[in-house]
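Scroll down for the structure; my scribbles are underneath it.
What you see is a predicted model; the values in this text were computed from it and never measured. First the proteins, then the strands, lettered A, B, ... as listed; each starts at 1.
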Amino acid sequence: MKKLCIVFRRAPHGTAHGREGLDLALLSASFEQEVSLIFMDEGVLNLLKQQQPELIGAKDYIATFKALPLYDVETVLVCKQSLAELGLSAGLLSIPVTVFNHEQIAGHLAQADEVLVF
Amino acid sequence: MILHHIQTSPNNDSALKLCLRYARKEDTILLAGNGVTALLQRQWAMALSPFKLMLLQQDVQARGLGELLKDFTQIDYADFVDLSLSHTKVISW
């Protein structure tokens, strides 16, 4: 059983990174891996409420973030600095998250077995 | 001890900025591909100075930056493999 940490650093919909990262997270979790997610930089925008990706013909994987608890993915971290830079707060996000500063995130990255960045 | 692998220029991707935000003093940073061009700018060279910094030789030579970046440690692919084994893990930003 591996501690797999998946980092989302790109805004949703512009590229397929967000969807691929979430697919990997759910698949790995369903194979009993200990999965944790970190949202940083514009990756935080994946978690904004009221997104309507269908308006631009993009696949709506955003709703699937709500399924994370069903897959036992409990560690969902958000970079405090990124929230501040984008003028956001945890309250605006669609799922419950834990806000970490850069030292706490560095610590989490260090203890993970593998880190994949999307 | 993490090996941070950067392959894009900070001018058009935030990989290096984010890596620097979370990297620890004992980590190593490897610039490859367009990532090597970061060192042409003083601000990035200074930001990278606290870390063990390596450049991928072929990417530097391919871009004709051998002379301009001669002060930085350059490694080849074999060294890259050794580095990835001597670190606990690699993060490709």
Side-chain angles (χ1 to χ4, degrees), chain A residues 1-12 14-18 20-21 24-25 28 33-46 75-86 88 98-118, chain B residues 1-39 41 43-56 59 77 80-93:
Chain A
M1 195 271 296
K2 281 221 167 181
K3 291 200 191 102
L4 176 63
C5 176
I6 296 170
V7 172
F8 293 81
R9 73 171 179 87
R10 292 182 174 90
T15 68
H17 288 96
E20 287 168 0
L24 177 63
S28 305
Q33 303 309 310
E34 190 184 314
V35 176
S36 60
L37 308 185
I38 306 180
F39 293 87
M40 59 175 73
D41 217 41
E42 288 181 341
V44 177
L45 299 177
N46 277 284
T75 310
V76 179
L77 309 177
V78 168
C79 169
K80 186 176 180 181
Q81 194 172 335
S82 302
L83 282 177
E85 279 168 2
L86 298 169
L88 302 174
T98 308
V99 179
F100 266 22
N101 63 31
H102 62 279
E103 276 133 14
Q104 292 169 303
I105 287 179
H108 187 80
L109 289 173
Q111 61 80 36
D113 294 317
E114 295 301 332
V115 177
L116 292 168
V117 180
F118 287 86
Chain B
M1 227 184 26
I2 297 173
L3 174 62
H4 299 273
H5 181 211
I6 306 290
Q7 303 171 80
T8 51
S9 162
N11 281 22
N12 40 45
D13 186 66
S14 61
L16 181 56
K17 178 190 84 173
L18 290 172
C19 165
L20 288 168
R21 185 185 292 175
Y22 305 111
R24 287 177 162 169
K25 288 291 165 283
E26 69 272 16
D27 293 345
T28 305
I29 297 178
L30 170 66
L31 300 182
N34 285 342
V36 300
T37 62
L39 290 170
Q41 295 179 70
Q43 64 177 59
W44 294 111
M46 301 231 327
L48 285 160
S49 55
F51 300 94
K52 277 176 278 175
L53 178 61
M54 311 268 175
L55 304 180
L56 207 52
D59 290 322
Y77 275 100
F80 183 10
V81 173
D82 293 340
L83 269 180
S84 58
L85 295 173
S86 62
H87 287 72
T88 47
K89 59 174 165 286
V90 179
I91 301 181
S92 289
W93 290 90

[atom1] of [X] to [atom2] of [Y]: how many Å apart, nearest 0.5 Å?
X       : Y        : atom1 : atom2 : value
B/Asp13 : A/Arg10  : CG    : CZ    : 5.5 Å
A/Cys5  : B/Lys89  : SG    : NZ    : 8.5 Å
B/Tyr22 : A/Gln81  : OH    : CD    : 6.5 Å
B/Ile91 : A/Leu109 : CD1   : CG    : 5.0 Å

Exercise. Quick check: are there more than 12 heavy atoms from other residues, nucleotides or ligands sitting under 6.0 Å from NZ of A/Lys80?
Worked result: no
Problem set entry | Which portion of B/Ala15 sits near chain A, non-hydrogen atoms under 4.5 angstrom | both
Exercise. Given the rule in the side chain to side chain contact (heavy atoms under 4.5 Å, CB included) test, do B/Ser14 and A/Glu42 qualify, once you have shown the distances and angles that lead to the verdict?
Worked result: CA-CA 10 Å; B/Ser14 61; A/Glu42 288 181 341; over 6 Å; no
Exercise. Do you know the tightest heavy-atom contact between B/Arg24 and A/Ala110?
Worked result: NH1-CB, 3.6 Å
